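Have a look at the structure below before the remarks.
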Amino acid sequence: MKERFNGPLERVDSCCVRIPKSYKAGMRVDGMIFANERLMEAIREGNAADQVANVATLPGIQGASLAMPDIHWGYGFCIGGVCATDPLEGGVISPGGVGYDINCGVRLVKTNLFWNEIKPHVRELVKALFYSVPSGVGRTGKYKFDAKETRRLMGQGPQFVVNRDCGVPKDLEYTEANGFIADGDPDQVTDHAVKRGSDQCGTLGSGNHFMEVQVVDAVVDAEVAKVFGLELNQVCVMIHSGSRGLGYQVCDDALSLFRNLDKKYGIDLPDRQLACAPAESPEGKKYIAAMRAAANYGFCNRQLLMQQAREVFAHVFGRTWQDLEMHQLYDVAHNIAKLEEHTVDGKKKKVWVHRKGATRAFPAGHPEVPEQFRHVGQPVIIPGDMGRASWVLVGAPGSMEKTFGTTCHGAGRAMSRTAAVKAAGGKRIDKELESRGVIAMASSRLGLAEEQPNAYKNVDHVVEVVHDADLSRKVARMRPIGVIKG
DNA sequence: ATGTAC
């Protein structure tokens with residue numbers, strides 16, 4: 001019953017193993033999985049490694065089919081996968097390589113509060129967040145946009161909501177791509193997708209999405225932490241959400257459009273779920289335009305979630321969010337495909353970097369890193385599980401050499417959702433979390449069981465690999481104290 | 001991840 005990868009995993013160095021392209025017919029490049037010995041058993045379990053090999057067959061793939069240490073099975077492509085394709089070599093774009101939740105990502109908001117001052121107020125704070133910030137499957141929120149406005153929102157990105165007093169211009173500066181993915185086309189987003197998104201902007205959703213109150217638990221790199229404005233015991237808010245029903249529908253629409261395109265373009269797919277189109281084809285361009293528009297919706301969603309968190313903090317602590325210095329450290333996507341310049345075999349190329357459960361991690365000096373951080377590198381935000389920890393990392397030079405500027409995105413599941421519910425055996429996960437010092441509120445008891453800490457790998461172990469591989473370096477460890485979930 | 005199968 002339990003699937004297992006029995007193919008070759010050749011150790012390259014202490015952080016990386018190779019699946020040679022001889023493993024499977026049609027592989028154009030090797031597979032490369034970033035993992036140390038401690039994580040190998042988790043990598044061999046399930047069939048995510050086989051998915052890494054499948055992705056290596058895609059036309060125009062560059063370098064290697066890559067996977068991060070938080071790899072696990074996903075639709076077609078594994079979660080934790082990175083695939084770069086060259087459009088000038090027939091390189092493809094694939095919805096499965098982005099994921100159903102387009103521009104799922106993470107935002108970290110700082111405060112000037114410290115653990116000791118908020119300790120007596122955590123329950124009140126979590127309650128207030130839970131009742132103010134909509135969460136759960138299909139939930140809608142207080143921000144309603146008609147179809148025309150929703151398309152305008154996708155055409156402008158979070159500038160659209162900032163113009164409506166939901167945030168300040170500085171928020172945009174500290175968002176990946178300044179919160180705006182250019183060259184999208186909201187008119188390529190179907191009416192159906194627009195309708196699903198019109199009243200969901202500013203809602204959390206379900207699954208692994210959350211809003212957490214965290215404290216800085218350890219500062220590993222004092223210099224970078226100082227540049228990022230983080231110090232020990234400081235209170236922060238981490239937000240993990242994506243593009244809700246709108247992004248889901250954009251992905252679904254593209255998968256319908258891409259059905260049977262393999263025949264049209266003569267692409268041999270080892271798995272139907274790898275459905276793709278040449279990036280330069282009409283179908284490829286259509287998906288890219290819609291995906292970019294949906295990505296802008298994702299940034300707007302997190303902007304509105306942040307704004308609601310600011311309002312709740314202001315209410316609970318009786319000061320304005322500006323007085324509480326609730327400024328954004330950064331917002332970064334981990335489900336997206338972007339056209340970026342990278343050096344492949346000594347040549348500069350523009351490639352479609354698919355990051356599915358993988359985070360951009362540009363190093364110091366990269367022009368896309370906000371000016372204030374450019375001398376140290378891009379902030380990377382890694383959500384862990386709700387009982388143990390999350391991390392703030394900084395992009396490192398190795399990412400440009402090895403992973404198309406990419407690092408991990410989280411802890412990675414260690415149990416399937418059904419296995420996690422079974423393991424909980426009806427136990428109240430919220431009570432268990434409370435005994436560990438975390439106040440949790442969720443709209444679904446079962447959902448909470450699926451997300452229990454045990455269902456995930458230890459994020460510290462995942463982060464250790466990307467740190468050692470020089471993809472991104474440890475800056476600060478964050479400890480959860482309050483969490484709201486769908 | 002997702003109006004957890006129109």
Side-chain angles (χ1 to χ4, degrees), chain A residues 46 48 51 70-81 94-107 134-141 144 147 150 189-211 239-256 259 273 275 287 290-291 294-295 297-302 305 332-337 354-359 383 385-386 409-413 415-422 424 442-451 455-456 484-486:
Chain A
Q51 294 188 310
D70 49 334
I71 173 178
H72 56 105
W73 185 89
Y75 181 91
F77 294 61
C78 68
I79 292 156
S94 176
V98 172
Y100 266 92
D101 192 4
I102 296 165
N103 192 7
C104 187
V106 200
R107 176 174 299 213
S135 66
V137 186
R139 277 291 292 277
T140 57
K144 318 266 185 202
T150 305
V189 177
T190 61
D191 291 344
H192 185 196
V194 169
K195 194 165 186 189
R196 286 186 71 173
S198 65
D199 53 3
Q200 285 194 327
C201 212
T203 65
L204 212 42
S206 65
N208 60 4
H209 290 166
F210 65 76
M211 185 181 286
I239 297 164
H240 178 204
S241 188
S243 52
R244 308 291 285 104
L246 185 144
Y248 180 97
Q249 195 59 45
V250 166
C251 179
D252 221 31
D253 291 340
L255 288 170
S256 306
R259 190 169 303 141
Q273 296 186 350
Y287 168 65
M291 181 267 295
Y297 180 98
F299 288 130
C300 290
N301 185 34
R302 292 195 290 276
L305 286 165
V332 64
H334 53 227
N335 275 17
I336 199 164
H354 297 68
R355 297 190 180 97
K356 181 188 191 174
T359 314
D385 66 71
M386 57 192 172
H409 90 305
R413 290 200 82 87
M415 282 181 208
S416 70
R417 294 190 174 279
T418 44
V421 171
K422 203 181 240 181
S443 35
S444 154
R445 174 105 40 105
L446 233 51
L448 203 62
E450 290 176 356
E451 292 296 314
Y456 286 90
I484 68 165
K485 289 190 68 75

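Note that the structure is predicted; figures quoted are calculated from it, not measured. Residue numbers begin at 1 in each chain, while the letters A, B, ... track the order of the sequences.
Rounded to a whole Å, the CG atom of A:N103 is 16 Å from the C1' atom of B:dT2. Remark: P of B:dT2 and NZ of A:K195 are 19 Å apart, rounded to the nearest angstrom. The distance between atom OH of A:Y100 and atom C1' of B:dT4, rounded to the nearest whole Å, is 12 Å. Atom CG in A:D101 sits roughly 5 Å away from atom P in B:dT2 (whole-Å rounding). Rounding to whole angstrom units, CD of residue A:E451 and P of B:dT4 are separated by 17 Å. In this structure, A:R139 atom CZ and B:dT4 atom P are separated by 16 Å, rounded to whole Å. The distance between atom OH of A:Y248 and atom P of B:dC6, rounded to the nearest whole Å, is 7 Å. Here the C1' atom of nucleotide B:dT2 and the NE2 atom of A:H240 are 14 Å apart, to the nearest Å.
Taking only side-chain nitrogens and oxygens, A:R244 comes nearer than 4.0 Å to OP1 or OP2 of B:dT2. Distances shown here put every side-chain N or O of A:S206 at or beyond 4.0 Å from the OP1 or OP2 atom of B:dT4.
A:H334 pairs by the ring-ring contact (aromatic ring centres under 6.0 Å, His included) definition with A:H240, A:H409, not counting sequence neighbours. Considering only residues two or more places apart in sequence or on other chains, A:D385 meets the salt bridge (Lys or Arg N to Asp or Glu O under 4.0 Å) condition with A:R388.
Within the 4.5 Å cutoff, the side chain of A:N335 has no heavy atoms near those of the A:R355 side chain. Put simply, the side chain of A:R413 reaches to within 4.5 Å of the side chain of A:E451, judged on heavy atoms.
The residue among A:C104 and A:E450 whose nearest nucleotide of DNA chain B is located toward the 5' end is A:C104.
Using a 4.0 Å heavy-atom cutoff across all strands shown, A:G99 reaches no nucleic acid atom at all. Using a 4.0 Å heavy-atom distance criterion, A:H334 is classed as making no nucleic acid contact.
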